Structure formats: C-alpha cells, structure tokens
Amino acid sequence: MILEITQYGHPVLRKKCRPVTEVSDELKALADDMVETMRDANGVGLAAPQIDRDLQMAVVDVSHDPECITYLRVDGEEAQLEDHMPLVFINPSLEFGSEKEAATEGCLSIDGVNAEVRRPAEVKATLELLDGRKILVETDGLLSRAIQHETDHLNGILFVDRLSTAAKVSIRRKLKRLASH
Ligand code: NI
C-alpha cells in the first residue's frame with residue numbers, strides 16, 4: 001500500500017523518534033508499505049516519520065546504481081549490494097569516518113528543494129533488522145549518505161539543517177512557502 005508522505009512543516013518530522021522495542025506483524029507490513037512508497041516516489045530512502053510514524057525505522061534502496069559505492073562490508077565480510085537491498089532497519093547507531101564529501105541531496109518530504117550537503121564519506125552503521133539480527137554495515141558513497149540522511153530523520157534532523165549558511169539563505173523562501181501549506 002502506498003502511504004502518504006508527510007511534508008515539510010509537519011511536526012512529526014522534528015521528533016526524536018521512539019526506538020522500536022517489538023517487531024510485530026504490523027511493523028513488518030508497515031516496512032513493506034514504506035518500501036513500496038519509496039519506490040513509487042522514486043526515492044532512495046524513506047524514514048518512519050515521513051509516513052507520520054514516530055518510530056526508529058527506515059528503508060533504503062540504492063540498487064539502481066551499483067557503482068554508487070566503492071565498497072560494502074557486512075559484519076566485516078565483503079558483501080554484494082543487491083543482496084542487501086532494500087535495506088530495512090530499526091534503531092540505527094552510526095560511526096563516521098573523518099573524510100567529508102559534498103553531494104546534492106533532496107528529500108521526499110521537502111518537495112522541489114535540492115542542495116549540496118557535506119557529510120562524512122564513510123559510515124559504520126550498526127543496524128537492527130526485522131528478523132532480529134543486528135548487523136554492522138560499512139560503506140561509502142550514496143549508501144553511506146542515504147543511511148546518514150535517513151538516520152537524521154529518526155532524530156528530527158532534515159538535510160536542509162546541514163547546509164552551508166549561504167545555501168540556507170538561498171532556499172529560505174522556498175522552505176517558508178512549503179511550511180505554510
Ligand atoms: Ni529525507
């Protein structure tokens with residue numbers, strides 16, 4: 001089922017989401033709906049607050065572009081991107097490499113706004129899966145960026161919060177207009 005995506009200005013997007021403590025059938029169905037909704041919107045990620053749920057759960061899929069990362073390790077072993085997409089995770093905890101990288105981002109909750117965001121290039125993400133496993137994902141490129149962007153959502157942070165001062169000024173009016181709807 002395709003769900004409605006909450007838009008900029010909605011208070012749920014500013015919440016620090018509650019950890020998931022129990023993986024129910026309902027939660028699994030919700031995850032399926034989130035994957036479907038993300039694909040329908042041509043997104044590479046979607047977090048629970050974007051479908052108006054205050055929960056630490058997100059989905060990511062960058063399999064459209066296998067070249068978007070230079071490496072992927074899962075639990076220390078080299079892994080294939082397609083074996084792990086879509087990636088559905090709960091209660092993420094991230095560690096970052098020191099090198100930063102800038103790339104253009106957008107967000108399904110902030111229609112019509114794209115801007116360059118500097119983020120750590122590499123991430124080590126401890127993610128819980130819906131089958132009860134906890135995995136360590138180490139990667140870079142778009143997958144690293146998507147995991148960071150979605151984890152930000154679970155902490156009430158939006159990519160527009162992470163722009164340079166000049167970039168923030170240049171989109172200020174657009175954001176004001178979006179928030180007033
Ligand atoms: Ni987003």
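Both counts, for ligands and for their atoms, begin at 1 and track the order of listing. Position 1 is the first residue of the sequence, and the numbers go up from there. Only a predicted model underlies this, so the values are computations on that prediction, with no experimental measurement involved.
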Participant: Taking side-chain contact (heavy atoms from CB on, under 4.5 Å) as the criterion, tell me which of Val62, Asp140, Thr139 meets it with Cys68.
Facilitator: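 Going through the options one by one, the only one that passes is Val62.
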Participant: Could you list who else is in Val169's hydrophobic cluster, with ILVMFWY side chains joined at under 4.5 Å, directly or through other members?
Facilitator: none
Participant: Ignoring water, what protein N, O or S atoms are under 2.8 Å from the Ni ion (ligand 1)?
Facilitator: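 Result, waters dropped: Cys107 SG, His149 NE2, His153 NE2.
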Participant: I'd like to know if the side chain of Ser93 and the backbone of Leu127 have a donor-acceptor N/O pair within less than 3.5 Å.
Facilitator: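 No; zero donor-acceptor contacts below 3.5 Å.
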Participant: Could you give me the CA-CA distance, side-chain angles and deciding distance for Arg133 and Asp75, then say whether side-chain contact (heavy atoms from CB on, under 4.5 Å) is met?
Facilitator: CA-CA 11 Å; Arg133 281 184 299 151; Asp75 292 333; 5.8 Å; no
Participant: Between CD of Glu77 and CG of Leu72, what distance do you get to the nearest 0.5 Å?
Facilitator: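 Rounded to the nearest 0.5 Å, the CD-CG separation comes to 11.5 Å.
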Participant: Distance alone, cut at 3.5 Å: any donor-acceptor contact between the side chains of Ser109 and Gln50?
Facilitator: yes
